[in-house]
Amino acid sequence: MSLVQQRLKFQKSLASWYAQSQRPLPWRTQPSLYRTVVSELMAQQTQITTMLPYFERWMRRFPDFTCLADAPVDEVLKLWEGLGYYSRARNLHKLARTWVAADPKPRTREQWQTMPGIGPYTSAAIVSIAFNEPVAVVDGNVVRILARLTHDTRSFKSNGEAVKAFTPLANELIYPKNSGDHNQAMMELGATVCTKHQPQCGICPVARLCAGRHHPDLAQIPKIQRKATERVEIDRAWVVRKGAVLLHQIPASAGQLAGQYELPKLDALAPVKPTAKPILSKSRSITHRRIKENIFRIEAPKRTPHEHKWVALDELESITLSGPHRRWTRVLLQEISGARFLGDPCAPQDESDWPESLR
DNA sequence: AACACGGGGAC
DNA sequence: GTCCCAGTGTT
């Protein structure tokens, strides 16, 4: 008997488990279209426990589409600060303005998918939860559950391949009378029972329908190939003179961050690496690369190198620091100037947010 | 199809 | 350290 043939049992077992065992998340206990949209955007690539306090704070400040649409973008970004993937906040803000202006309001999946920040996953989540449209969501949780239920040991080239592979089955299994809860139940099961590490088959409501249940390799499913993480280390210089900081302007010929400013690379200014420890070390990830940046405090060079420029503090608001360095450059700037970069949503406002080395 | 985009939780 | 998280937009 295939899983699809037993889908009624599957749906029923899942639904009654979800009714009893779901976590009381704020967009479930007090549902609305707006809260559904905000929660789905915030939850993209972000664990629920991480975004939960942000969601509560957001709802206090922006309780509905209109309040959000009326807010300045800087304030929107400020409340998103720390969550990462800031284009989500910009898109959510744009979406609110679009939604308020729309008449009639978007309703179908196709209409929602034209909204900024809304792709195949989020459009399915919104229309199934808010409008009971029978469309399956397929995220990392659903892929993991379905691969294990069918004991699918294939190796997928990417997450996108895996999502594509399991979308038809996910749609076969959906419970059309309550597709919103069905979708949320699938994700809840993946988040709390069918977890990547140590799946809790003993309490799984659909264990008896699971082909992978008794296989020792269950926790290795699904197999999704990842590019090896490449590690890169970059040393940068922190040079201050008379209330100005030395920055490097990325050439206009550069592809991505052309014209923007960044902290200078250390070897462009100092022939030998300082013996003192860096005043700041931060790592960041971009796709398969892990970049560690060390910032050293050094003395001003005799000559200002090509493409470098002294930027006075009162000019700083008018230049664009390249995204990756923005937050930490502002922190350092704040230290020397004592200024509060109130206009910069990425600048930590409290001393407690500063790195240890600067307090 | 591949890559940029963040920061943190869990192991 | 590693992997992954209620993915989307751009090239």
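This is a predicted model, so every value here is computed, not measured. In what follows, every chain begins at residue 1, and chains take the letters A, B, ... in the order their sequences are listed.
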Open item on the list: Determine whether Arg23(A) and Glu188(A) satisfy the following criterion, side chain to side chain contact (heavy atoms under 4.5 Å, CB included), listing intermediate values before the conclusion.
Closed with: CA-CA 8 Å; Arg23(A) 295 168 290 180; Glu188(A) 188 78 350; 2.9 Å; yes

Nearest whole Å is fine: how far is [N] [atom2] from [X] [atom1]?
X         : N      : atom1 : atom2 : answer
Gln45(A)  : dC3(B) : CD    : P     : 16 Å
Leu92(A)  : dG7(C) : CG    : P     : 16 Å
Asn159(A) : dC3(C) : CG    : P     : 14 Å
Leu95(A)  : dG9(C) : CG    : C1'   : 15 Å
Met42(A)  : dG7(B) : CE    : P     : 15 Å
Lys292(A) : dT2(C) : NZ    : C1'   : 16 Å
Ile48(A)  : dG7(B) : CD1   : C1'   : 15 Å
Arg231(A) : dG1(C) : CZ    : C1'   : 7 Å

By nearest atom, which of the nucleotides [options] is closest to the [X] side chain?
X         : options                : result
Lys196(A) : dG6(B), dA6(C), dC4(C) : dC4(C)
Gln44(A)  : dT8(C), dC3(C), dG6(B) : dT8(C)
Tyr86(A)  : dG7(C), dA1(B), dG6(B) : dG6(B)
Tyr121(A) : dC3(C), dT8(C), dG6(B) : dT8(C)

Name the nucleic acid region contacted by [X], choosing base, sugar-phosphate or nothing; use a 4.0 angstrom heavy-atom cut-off, strictly under.
X         : value
Ser158(A) : nothing
Leu83(A)  : base
Glu161(A) : sugar-phosphate
Leu25(A)  : base
Lys227(A) : sugar-phosphate

Open item on the list: Has Glu133(A) got a side-chain atom pairing as donor or acceptor with Ala124(A)'s backbone, closer than 3.5 angstrom?
Closed with: no

Open item on the list: For Pro134(A), is there any backbone N or O sitting under 3.5 Å from a side-chain donor or acceptor partner on His182(A)?
Closed with: no

Open item on the list: Quick check on DNA chain C: between Gln113(A) and Ser39(A), whose nearest nucleotide comes earlier from the 5' end?
Closed with: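 Of the two residues, Ser39(A) wins.
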
Between [Y] and [X], is there a side-chain donor-acceptor contact under 3.5 Å, judged purely by atom types and distance?
X         : Y         : answer
Ser155(A) : Gln225(A) : yes
Asn141(A) : Arg144(A) : yes
Arg28(A)  : Gln184(A) : yes

- [ ] Assess the pair Phe166(A) and Phe156(A): is the distance between their ring centroids shorter than 6.0 Å?
- [x]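 Centroid separation for Phe166(A) and Phe156(A): below 6.0 Å.
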
Distance, [atom1] atom - from [M] to [N], rounded to whole angstrom:
N       : M      : atom1 : result
dT11(C) : dG6(B) : P     : 15 Å
dT8(C)  : dG8(B) : P     : 23 Å
dC4(C)  : dC5(B) : C1'   : 15 Å

Task: Residues Asp267(A), Lys265(A): salt bridge by 4.0 Å N-O rule - done: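 Salt bridge absent between Asp267(A) and Lys265(A).
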
Open item on the list: Could you work out, with side-chain hydrogen bond (donor to acceptor under 3.5 Å, both in side chains) as the rule, every residue matching Glu172(A), not counting sequence neighbours?
Closed with: none

Open item on the list: Show, in sequence, the C-alpha distance, side-chain angles and deciding distance for Glu75(A) and Arg61(A), and conclude whether the side chain to side chain contact (heavy atoms under 4.5 Å, CB included) test is met.
Closed with: CA-CA 10 Å; Glu75(A) 195 179 350; Arg61(A) 175 59 188 86; 2.4 Å; yes

Would you tabulate the nitrogen or oxygen pairs shorter than 3.5 Å linking the protein to nucleotides 9-11 of chain B?
unit_1 : atom_1 : unit_2   : atom_2 : d
dG9(B) : O4'    : Gln47(A) : OE1    : 3.2

Open item on the list: So, under a plain 3.5 Å distance rule, would you say the side chain of Tyr85(A) forms a donor-acceptor pair with the base of dG6(B)?
Closed with: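 Such a pair exists between side chain and base.
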
Task: Under 4.0 angstrom between Arg289(A) side-chain N/O and dA2(B) OP1 or OP2 - done: no

- [ ] Identify the heavy atoms of Pro205(A) and Leu189(A) that sit nearest to each other, and give their distance.
- [x] CD-CD1, 3.6 Å

Where along [range] does a heavy atom come under 4.0 Å from DNA chain C, residue by residue in number order?
range                       : result
residues 128-152 of chain A : Asp139(A), Gly140(A), Asn141(A), Arg144(A)
residues 209-226 of chain A : Arg226(A)
residues 27-35 of chain A   : Trp27(A), Arg28(A)

- [ ] Return the set of residues passing side chain to side chain contact (heavy atoms under 4.5 Å, CB included) with Thr114(A) (not counting sequence neighbours), or none when no residue passes.
- [x]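 Thr114(A) satisfies side chain to side chain contact (heavy atoms under 4.5 Å, CB included) with no other residue.
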
Task: His215(A) side chain near Thr153(A) side chain, heavy-atom distance below 4.5 Å - done: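 SC-SC contact between His215(A) and Thr153(A) ruled out.
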
Open item on the list: Applying the side-chain contact (heavy atoms from CB on, under 4.5 Å) criterion to Phe62(A), which one of Val76(A), Asp70(A), Val38(A) satisfies it?
Closed with: Val76(A)

Open item on the list: Tell me whether the rings of Trp58(A) and Trp80(A) are parallel (<30°), tilted (30 to 60°) or perpendicular (>60°).
Closed with: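 Rings of Trp58(A) and Trp80(A): perpendicular, as their planes differ by over 60°.
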
- [ ] Could you tell me how the ring of Phe131(A) sits relative to the ring of Trp112(A): parallel (under 30°), tilted (30 to 60°) or perpendicular (over 60°)?
- [x]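 It falls in the tilted class, 30° to 60°.
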
Open item on the list: Closest-nucleotide mapping onto DNA chain B: is Lys164(A) or Arg290(A) further toward the 5' terminus? I mean the 5' end.
Closed with: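 The 5'-side residue here is Lys164(A).
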
